[in-house]
Amino acid sequence: MENKDNIVHQVSIFDRKKMDIVGAVEVLSSTEKEVHIKLQDGFMKITGERLTIQKLIPNEFLLSLSGEIGGIGYSSRLTKKSFFKKVFK
């Protein structure tokens, strides 16, 4: 098993329909439209349609997903909207 402190972050996208991520420490949330991932040095948000996690191997820090990938964003902190902000907009 690889040491968590030595994780190399790598993203591969295939025709915007499949994505492999090496360096995914944890999946924080997942819906058909958004996937929030914790990386060693921050967070990643993937947006799209019909997003589905195909493979998750935590001890190898590997995540594979499929769907229509529309966007990828990085952040040094989690920026997910709270439940109350969604309800009371």
So which atom in Ser30 and which in Val35 form the shortest heavy-atom distance, rounded to 0.1 Å? OG-CG2, 3.9 Å

Same cluster for Met19 and Leu28 if Ile/Leu/Val/Met/Phe/Trp/Tyr side chains link at under 4.5 Å? no

Value for CD1 (Ile46) from CG (Leu63), rounded to nearest 0.5 Å, stands at 6.5 Å

What distance do Ser75 atom OG and Leu39 atom CG have between them, rounded to the nearest 0.5 Å? 10.5 Å

Please check if Val22 and Ile69 belong to a single hydrophobic cluster, counting links between Ile, Leu, Val, Met, Phe, Trp and Tyr side chain heavy atoms closer than 4.5 Å. no

Under a single-linkage definition using a 4.5 Å side-chain heavy-atom cutoff for Ile, Leu, Val, Met, Phe, Trp and Tyr, are Val27 and Val11 assigned to the same hydrophobic cluster? yes

Leu56 reachable from Ile13 in the ILVMFWY side-chain graph, under 4.5 Å edges: yes

Please say whether more than 12 non-hydrogen atoms of neighbouring residues, nucleotides or ligands are located less than 6.0 Å from NZ in Lys18. yes

Please report the interatomic distance CD1(Ile37) to CD1(Ile21), rounded to the nearest 0.5 Å. 3.5 Å

Report yes if some heavy atom in the side chain of Leu51 is under 4.5 Å from a heavy atom in the side chain of Glu32; otherwise report no. no

Verify the cluster assignment for Val25 and Tyr74: are they in a single hydrophobic cluster under the rule of side-chain heavy atoms below 4.5 Å apart? no

Roughly how far, to the nearest 0.5 Å, is the NE2 atom of His36 from the OG1 atom of Thr47? 9.5 Å

Verify whether one side chain among Gln54 and Ser64 offers a donor that lies under 3.5 Å from an acceptor in the other. no

Flag the pair Lys33 / Glu49 as yes when at least one side-chain heavy-atom distance between them is below 4.5 Å, and no otherwise. yes

